[in-house]
Amino acid sequence: MKLTADQARRVAVAAQGFAEAKPKGVVGRSHLRRLISRIQVLQLDSVSVAVRAHYAPVFSRLGPYDRAVLERAAWSHSPKSPRLLVEYWAHEAALMAVEDWPLLRWRMREYQGGRWGTEIVKNNPRLLDDVVAAVTELGPSTAGQIEAHLATEQRGRKGPWWDRSDTKWVAEALFAAGVLTTATRVGFARHYDLSERVLPPEVLSREIDDDEAIRELTLRAATALGVGTEADIRDYFRLGAGQTKPAIAKLIADGELEAVEVDGWAAPGYLRVGQTVPRSDRGTALLCPFDPLIFFRARMERVFGFHYRIEIYTPEPKRQFGYYVWPFLLDGKLVGRVDIKAERARSDGSTALHAVGAFTEEGVDRRRVAEAMATELRSMASWLDLAEVTVGDRGDLVKELARALR
């Protein structure tokens with residue numbers, strides 16, 4: 001089977017849920033469940049200059065929604081509203097469906113000594129037991145609260161000492177190993193608890209063969225991508241080539257995936273068998289830098305012809321586009337980008353979503369892009385309870401954007 005570059009792009013956009021109309025009325029838990037079953041992960045990131053990364057993909061696909069719906073799904077539990085999401089290293093740090101936690105048990109075994117800081121963990125075997133004991137006694141706790149508790153316990157006793165960073169490293173190692181998970185977050189600070197007190201017993205007891213887990217993750221990644229190379233599929237759950245290549249071969253043999261040739265792609269693509277190829281371009285949204293549609297930059301450039309690098313760590317004088325730039329999807333194509341920040345405490349007491357800079361790609365209708373971007377920015381400002389949208393002076397789109405907003 002062969003696909004044109006445009007067909008591949010339409011498949012990719014549709015697979016991520018952008019080709020469908022945004023729901024009318026209140027966005028609820030059922031909408032969130034369906035979305036997660038489609039895109040699999042919501043990446044977590046600490047940057048909050050506009051809105052934290054995990055909230056954004058839901059807004060981009062479903063429109064304005066009550067962020068408390070996502071917070072309750074991720075960090076609270078009740079008999080009437082059981083936890084829907086759990087944190088783990090599913091892509092990078094990400095929210096994923098609770099019932100999918102066993103699919104990554106093989107990774108938890110790989111991370112028994114931690115993902116990073118392994119020497120600290122190795123050199124403090126007693127601290128692992130102490131942290132588990134502290135969390136068992138305290139319940140949901142931050143690394144600082146665990147540290148304070150252990151410091152109190154150590155008074156009058158002989159034994160090793162550690163600093164707060166050691167405690168944090170060990171807590172993170174236990175999180176990576178699946179012993180601890182996130183019970184809740186307060187101000188984005190993770191409160192660790194024993195996984196057995198957070199996750200349902202049927203999830204904890206479910207064992208999945210490693211090869212079957214990799215096969216399922218590979219199929220889910222391919223489905224979420226719509227069409228992708230082996231490298232694209234591998235990146236989605238951060239698998240290894242030694243895992244995805246045999247899994248793809250097995251999925252092809254089983255009739256789940258088919259290999260396709262895509263114009264302009266150097267490597268073969270893989271498509272879910274029976275996948276519909278949209279005939280028209282659809283999908284308009286502001287995209288957070290960590291949105292699953294674009295978080296693999298090599299694929300983003302291949303599929304959309306759009307070069308993007310996040311410039312948070314680039315010194316301001318050397319930034320090309322800005323600090324926290326959101327690509328703009330218009331009718332299924334990436335046509336521009338906008339550097340935005342939420343100004344919640346301006347000197348005059350007002351609030352605004354400020355477009356520091358706005359830029360277009362070569363050859364697009366600037367006026368059309370500005371009008372569509374203005375609509376999305378107004379929607380985002382309303383969603384974030386910001387009174388207005390303001391525009392700075394950087395970029396070739398700012399004058400048209402300011403005019404469209406007026």
Side-chain angles (χ1 to χ4, degrees), residues 9 12-13 16 18 43-57 59-61 92 235 283-344 346 352-381 383-384 386 388-406:
R9 176 177 46 76
V13 171
Q16 284 280 314
F18 288 104
Q43 186 172 338
L44 294 159
D45 189 81
S46 61
V47 177
S48 60
V49 65
V51 63
R52 293 199 192 275
H54 56 288
Y55 295 110
F59 167 75
S60 297
R61 290 158 179 79
E92 285 299 310
D235 176 79
T284 296
L286 292 162
L287 299 176
C288 165
F290 303 107
D291 190 288
L293 180 66
I294 60 170
F295 57 29
F296 187 33
R297 309 302 187 208
R299 170 182 168 82
M300 182 186 187
E301 190 157 357
R302 183 180 354 104
V303 172
F304 294 100
F306 191 94
H307 179 79
Y308 180 88
R309 294 292 182 269
I310 197 162
E311 297 182 277
I312 290 173
Y313 303 110
T314 302
E316 185 173 1
K318 295 183 178 181
R319 290 178 195 146
Q320 183 178 4
F321 296 109
Y323 180 78
Y324 199 61
V325 175
W326 294 50
F328 183 52
L329 185 76
L330 176 59
D331 292 335
K333 300 175 183 178
L334 290 176
V335 297
R337 61 193 90 199
V338 57
D339 180 19
I340 56 179
K341 69 175 184 176
E343 296 184 335
R344 297 183 173 91
R346 297 200 295 184
L353 182 65
H354 184 53
V356 182
F359 308 81
T360 53
E361 294 296 280
E362 186 176 349
V364 303
D365 182 337
R366 199 171 290 167
R367 181 176 177 180
R368 180 168 172 267
V369 173
E371 289 174 351
M373 185 182 286
T375 298
E376 294 302 313
L377 288 169
R378 285 195 195 97
S379 179
M380 176 178 275
W383 174 55
L384 297 177
L386 299 170
E388 61 179 331
V389 179
T390 57
V391 182
D393 58 4
R394 294 192 65 248
D396 65 328
L397 189 62
V398 290
K399 290 183 180 178
E400 289 284 359
L401 181 59
R403 189 176 296 117
L405 286 163
R406 286 197 296 270

Rounded at 0.5 Å granularity, tell me how far CG in L401 sits from OG1 in T360. 11.0 Å

D365 meets the salt bridge (Lys or Arg N to Asp or Glu O under 4.0 Å) criterion, sequence neighbours left out, with none

Output for pair (R394 CZ, D339 CG), nearest 0.5 Å, gives 7.0 Å

Any residue meeting salt bridge (Lys or Arg N to Asp or Glu O under 4.0 Å) with E388, in chain and number order, not counting sequence neighbours: R346

Taking the six-membered ring of F306 as reference, does the NZ or CZ atom of R337 fall below 6.0 Å from its centre and within a 45° cone about the axis? yes

Looking only at heavy atoms, the pair that brings A12 and V303 closest together is CB-CG1, 4.3 Å

Would you check if the side chain of R9 reaches a backbone N or O of G332 as a donor-acceptor pair within less than 3.5 Å? yes

For the CE atom of M380 and the CH2 atom of W326, what is their distance to the nearest 0.5 Å? 3.5 Å

Who pairs with R319 by salt bridge (Lys or Arg N to Asp or Glu O under 4.0 Å), at least two apart in sequence or on another chain? none

Closest approach of A355 to V338 (non-hydrogen atoms, all atoms of both residues): CB-CG2, 3.7 Å

Closer than 4.0 angstrom, basic N to acidic O: yes or no for R367 and E371? yes

From CG (L44) to CZ (F290), nearest 0.5 Å: 10.5 Å

How about Q16 and R61: do any of their side-chain heavy atoms sit closer than 4.5 Å? yes

